[in-house]
Amino acid sequence: MKFFIDTANLAEIKEAQDLGVLDGVTTNPSLMAKEGITGAENILNHYKAICELVTGDVSAEVIATDFEGMVKEGEALAALNPQIVVKIPMTKDGVKACKYFSEKGIKTNVTLVFSVGQALLAAKAGATYVSPFIGRLDDISTDGLNLIEEIRLVYDNYLFETQILAASVRNTMHIVNCAKIGADVMTGPLSSMLGLLKHPLTDSGLAQFLADYAKGNQ
């Protein structure tokens with residue numbers, strides 16, 4: 001399973017990259033605003049900076065909600081760097097834009113997916129990635145992981161090449177369970193990735209090794 005980090009923070013992206021497990025980055029307008037990145041030119045320059053830090057795909061989200069606007073913005077984003085994946089919403093115009101981009105050889109990430117039917121439409125339109133938001137489903141007492149399983153079944157039935165990108169990942173168990181049920185990618189915060197490192201037996205075992213070493217070298 002690929003690991004993407006969901007942030008616009010360059011320091012966090014670099015830390016994940018230096019860890020050696022990062023495969024890409026996802027961002028959105030909210031994450032840009034969180035880092036104080038505003039204005040079209042500043043946002044485009046920030047995407048360029050992200051691409052310089054990583055070697056994998058970088059999802060850059062359009063702001064427009066109409067087909068023509070998505071195409072205009074998406075083409076401008078894709079022109080920044082071959083790593084850019086145009087992130088578009090799961091709407092009627094978004095599906096149309098996905099098909100347009102796929103025919104142009106531009107990678108896409110269809111976002112805000114909450115049903116199998118939406119994922120099916122995205123795959124048929126040629127999406128590179130489809131992003132089911134598992135954490136947001138969990139927030140309304142719906143099983144987000146079950147959606148991943150159902151999309152996996154449909155995609156495998158028809159050999160769709162669209163990758164399932166589990167989004168809105170909130171914790172380490174989300175990551176582990178997504179890996180178990182066959183998500184191609186997960187995107188989440190740095191804290192969730194680092195959480196996978198932790199286990200009390202690792203800590204106690206290392207402490208014992210060091211204590212034994214110290215005794216043997218007194």
task = With side chain to side chain contact (heavy atoms under 4.5 Å, CB included) as the test, would you mind laying out the steps for M32 and T38 before giving the verdict?
result = CA-CA 7 Å; M32 284 286 187; T38 59; over 6 Å; no
message = side chain to side chain contact (heavy atoms under 4.5 Å, CB included) for L10 and H46? Distances and angles first, verdict last.
response = CA-CA 9 Å; L10 296 181; H46 201 72; 3.7 Å; yes
task = Check the pair E149, N146 against side chain to side chain contact (heavy atoms under 4.5 Å, CB included), reporting the backbone distance first and the verdict last.
result = CA-CA 5 Å; E149 288 183 303; N146 184 62; 3.7 Å; yes
message = Show, in sequence, the C-alpha distance, side-chain angles and deciding distance for D93 and T65, and conclude whether the side chain to side chain contact (heavy atoms under 4.5 Å, CB included) test is met.
response = CA-CA 7 Å; D93 279 1; T65 57; over 6 Å; no
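Remark: of the listed residues L22, V21, V54, L22 is the sole one forming a side chain to side chain contact (heavy atoms under 4.5 Å, CB included) with I5.
F4 and M193 fall into different hydrophobic clusters, where Ile, Leu, Val, Met, Phe, Trp and Tyr are joined by side-chain heavy atoms under 4.5 Å apart, directly or via other members. A chain of hydrophobic side-chain contacts below 4.5 Å, direct or via other Ile, Leu, Val, Met, Phe, Trp or Tyr residues, connects I164 to V110. V95 and L165 fall into different hydrophobic clusters, where Ile, Leu, Val, Met, Phe, Trp and Tyr are joined by side-chain heavy atoms under 4.5 Å apart, directly or via other members. Under the 4.5 Å side-chain heavy-atom criterion for Ile, Leu, Val, Met, Phe, Trp and Tyr, V58 and I37 are members of the same hydrophobic cluster. Hydrophobic clustering places L196 together with L194 (ILVMFWY residues linked when any side-chain heavy atoms are closer than 4.5 Å, directly or through intermediates).
For the atom pair CG of L145 and CE of M173, the computed distance is 9.0 Å after rounding to the nearest 0.5 Å. Here the OG1-CE distance, from T26 to M186, works out to 9.0 Å after rounding to the nearest 0.5 Å. Put simply, CD1 on I84 and NZ on K48 are 10.5 Å apart, with the number rounded to the nearest 0.5 Å. The CZ atom of R170 lies 10.5 Å from the CG atom of D6; values are rounded to the nearest 0.5 Å. From L147, atom CG reaches atom CD1 of I134 across 9.0 Å, with rounding to the nearest 0.5 Å. Distance CG/D57 to CG/N81: 10.0 Å, rounded to 0.5 Å.
The closest side-chain donor-acceptor pair between N109 and S59 falls under 3.5 angstrom. Using modelled atom types and a 3.5 Å distance limit, the side chains of S131 and T111 yield no donor-acceptor pair. Side-chain N/O atoms of N9 and E35 include a donor and acceptor closer than 3.5 Å.
Residues A166 and I148 come closest through the heavy atom pair CB-CD1, 4.0 Å. Considering every non-hydrogen atom in both A78 and I106, the closest pair reads CB-CG2, 3.8 Å. For the pair T108 and G126, the tightest heavy-atom approach, listed with the atom from each and the gap, is OG1-O, 4.1 Å. The two residues A60 and L77 come nearest to each other via the heavy atoms O-CD1, 3.6 Å. Annotation for G56 and Q83: closest pair O-NE2, 2.9 Å, computed over non-hydrogen atoms. M90 approaches A122 most closely through the heavy-atom pair CE-CB, 3.9 Å.
The shortest side-chain heavy-atom distance between E41 and N45 falls under the 4.5 Å cut-off. Annotation: side chain of K2 is in contact with side chain of Q163 (closest heavy-atom distance under 4.5 Å). Under the 4.5 Å side-chain criterion, counting only non-hydrogen atoms from C-beta, I50 is in contact with I13. Side-chain contact check for I63 versus P29: some heavy-atom pair is nearer than 4.5 Å. Side-chain contact between V25 and T27 is present, with heavy atoms from C-beta onward closer than 4.5 Å. Using a 4.5 Å heavy-atom threshold, the side chains of N177 and I181 count as separate. Considering only heavy atoms from C-beta on, F3 comes within 4.5 Å of I175 through its side chain. Between Y129 and V185 there is a side-chain heavy-atom pair separated by less than 4.5 Å.
In terms of modelled atom types and a separation under 3.5 Å, the side chain of D138 and the main chain of G144 share a donor-acceptor contact. Between the side chain of S102 and the backbone N or O of K107, no donor-acceptor pair lies under 3.5 Å. Within the 3.5 Å criterion, the main-chain N or O of F114 finds a donor-acceptor partner in the side chain of Q118. Under a 3.5 Å cut-off, the side chain of E61 and the backbone N or O of I88 do not form any donor-acceptor pair. With hydrogens and angles disregarded, a donor-acceptor distance shorter than 3.5 Å links the side chain of S204 to the backbone of P200. Using modelled atom types, one side-chain atom of E73 and one backbone atom of A64 make a donor-acceptor pair closer than 3.5 Å.
Between F67 and Y100, the ring-plane angle classifies as perpendicular under the 30° and 60° cut-offs.
Electrostatic pairing of D184 and R152 counts as a salt bridge here, judged by a charged N lying under 4.0 Å from a carboxylate O.
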